[in-house]
Participant: 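Have a look at this one.
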2 protein chains.
Amino acid sequence: MDPIGFEQHDHSTCIADGVARVAEYCKREGLQFTPVRKRVLEILLHQHRSMGAYEILDILRAEGLGSQPPVAYRALDFLVKNGFAHKIERLNAFTACTHPGENHTPAFLICRKCNSVAEAFSEPDKGRLAKTAHDLGFRIERVVVEAEGICPNCTEAPA
Amino acid sequence: MDPIGFEQHDHSTCIADGVARVAEYCKREGLQFTPVRKRVLEILLHQHRSMGAYEILDILRAEGLGSQPPVAYRALDFLVKNGFAHKIERLNAFTACTHPGENHTPAFLICRKCNSVAEAFSEPDKGRLAKTAHDLGFRIERVVVEAEGICPNCTEAPA
DNA sequence: TTGATAAACGTCATATCATAACATATCAAT
DNA sequence: ATTGATATGTTATGATATGACGTTTATCAA
């Protein structure tokens, strides 16, 4: 049991399930779920935190799956574009999506102590921002919501 | 009259007023509003869009105010830390705060066509994200909200 | 006013994040 | 098998950001 989304969680089937779901989705949609792409997704699923592209690249390199930055970035682009992973802008890092296939606007809770990342939902159509945008005539296409703070595990064990 | 926050607006006094307000605030708080810091704020206020650190540095360099990256980054750090400017994470760029001195959680509306940036308010204490964080026991300290889309000026004149 | 301390600056070097460009290989559909 | 699209390998470079260290400037107490 590893802490996931700040809760204890059966992680053992988590990676396999995540990969399987994405594999199935790709098959349905005619997307190529190539070895590098699959491996990068596995790497991200393995950690419930965000990882930098070069950190992922180091792992790929050790496994002989690619040694140059574009290899990692291209795989990450694929995963992000299709909603299997997200980029955390605040950290210039990436994390596996916990709701692949579902259409959603993710919001992230980032612990500044342990760097774990939990994915929550935001509702960009509601609230003050939506109203402001509507009033101004601004058409929102995409919203980044990233909350930084202290996760429950780190609150309990302060430095 | 320049478009500001997507609206026509008297920009002429805007820079002077912004600088004056910050200068006064700094005096009150005992902060050093040095020439470089003041100039960087002016540069940011001059544009109602975000600017990269190196873009700002180029201007400083041309004016003999500093030629190395740390000069720009240190001034920007000062402005951001004190709430006179904000970093747009999505763009790795900076923009002058339109409500300096007021305690607020900014939300940004970023036009992907003309790169203008409008600062709005978000209400991180309300809405679904706040509820999720509370339920999980996550203590939010800071929230980044950045909406990307098309501003009214660019909607009217599509490419 | 001066001396001590902290804050800011100038500079060099380097770390970190990201992509352009182009050649080669693989896949998918005829 | 051919062809066009997609993916990969590789080189090179661009863009963003910070560590470290010595010098200068500001602040403030004595």
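Side chains included, hydrogens not; waters and symmetry mates left out as well; all remaining heavy atoms used. Everything numeric in this text was worked out from a predicted model, so none of it was measured. In what follows, every chain begins at residue 1, and chains take the letters A, B, ... in the order their sequences are listed.
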Participant: Closest heavy-atom contact between B:Asp125 and B:Ala130?
Facilitator: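 Taking B:Asp125 first and B:Ala130 second, the nearest heavy atoms are O-CB, 3.4 Å.
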
Participant: Round to a whole Å and report the spacing from NZ of B:Lys38 to P of C:dC9.
Facilitator: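 Rounding to the nearest Å, NZ of B:Lys38 and P of C:dC9 are 14 Å apart.
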
Participant: Rounding to a whole Å, what distance do you find between B:Leu31:CG and C:dA6:P?
Facilitator: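 The answer, rounded to whole Å, is 18 Å.
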
Participant: Enter the distance from A:Arg49:CZ to A:Glu55:CD here, rounded to the nearest 0.5 Å.
Facilitator: 4.5 Å

Participant: Please identify the 5'-most and 3'-most nucleotides of DNA chain D with any atom under 4.0 angstrom from a heavy atom of chain A.
Facilitator: D:dT6 to D:dT11

Participant: Nearest whole Å is fine: how far is C:dT11 P from B:Arg61 CZ?
Facilitator: 11 Å

Participant: Identify the heavy atoms of A:Ser67 and A:Arg61 that sit nearest to each other, and give their distance.
Facilitator: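 So the two residues come closest at O-NH2, 2.7 Å.
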
Participant: When the ring planes of A:His104 and A:His99 are compared, do they come out parallel, tilted or perpendicular, using 30° and 60° as the limits?
Facilitator: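 Geometry flag for A:His99 against A:His104: perpendicular rings.
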
Participant: What's the spacing between A:Phe78 CZ and A:Leu31 CG if we round to 0.5 Å?
Facilitator: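 One gets 5.0 Å once the value is rounded to the nearest 0.5 Å.
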
Participant: C:dT16 P sits how many Å from B:Tyr54 OH, rounded?
Facilitator: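 After rounding, the gap between these two atoms is 14 Å.
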
Participant: With a 4.5 Å cut-off on side-chain heavy atoms, are B:Arg39 and B:Leu60 touching?
Facilitator: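 In short, these two side chains touch, coming nearer than 4.5 Å.
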
Participant: Would you give the length of the straight line joining atom NZ of A:Lys113 to atom OG1 of A:Thr155, rounded to the nearest 0.5 angstrom?
Facilitator: 7.5 Å

Participant: Look at A:Asn92 and C:dA18 and indicate whether a side-chain polar atom (N or O) is within less than 4.0 Å of OP1 or OP2.
Facilitator: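 Checking A:Asn92 against C:dA18: at least one side-chain N or O falls below 4.0 Å of OP1 or OP2.
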
Participant: With nearest nucleotides of DNA chain D determined for B:Gly52 and A:Thr34 from heavy-atom distances, which residue corresponds to the more 5′ nucleotide?
Facilitator: A:Thr34

Participant: Rounded to whole Å, please give me the gap between NZ in A:Lys27 and C1' in C:dA28.
Facilitator: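 The answer, rounded to whole Å, is 15 Å.
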
Participant: Could you tell me whether the side chain of A:Glu148 and the main chain of A:Ile110 form a donor-acceptor pair under 3.5 Å?
Facilitator: no

Participant: I need the residues from residues 68-89 of chain B with at least one non-hydrogen atom less than 4.0 Å from DNA chain D; give them sorted by number, or say none.
Facilitator: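 Those residues are B:Pro69, B:Pro70, B:Tyr73, B:Arg74, B:Lys87.
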
Participant: May I ask you to decide if B:Phe108's main-chain N or O and B:Glu146's side chain share a donor-acceptor pair within less than 3.5 Å?
Facilitator: no

Participant: Grab the CD-C1' distance between A:Gln32 and C:dA29 for me, whole Å please.
Facilitator: 13 Å

Participant: From CD of A:Glu55 over to P of C:dT16, roughly how many Å is that when rounded to an integer?
Facilitator: 12 Å

Participant: Please step through ring-ring contact (aromatic ring centres under 6.0 Å, His included) for the pair B:Phe84 and B:Tyr25, ending with a clear verdict.
Facilitator: CA-CA 10 Å; B:Phe84 308 143; B:Tyr25 181 97; 5.4 Å; yes

Participant: So for the helix from C:dT1-D:dA30 to C:dT30-D:dA1, with five pairs setting each end axis, what is the inter-axis angle to 10°?
Facilitator: 40°

Participant: Does any N or O in the side chain of B:Arg37 come within less than 3.5 Å of the main-chain N or O of B:Gln32, such that one atom is a donor and the other an acceptor?
Facilitator: yes

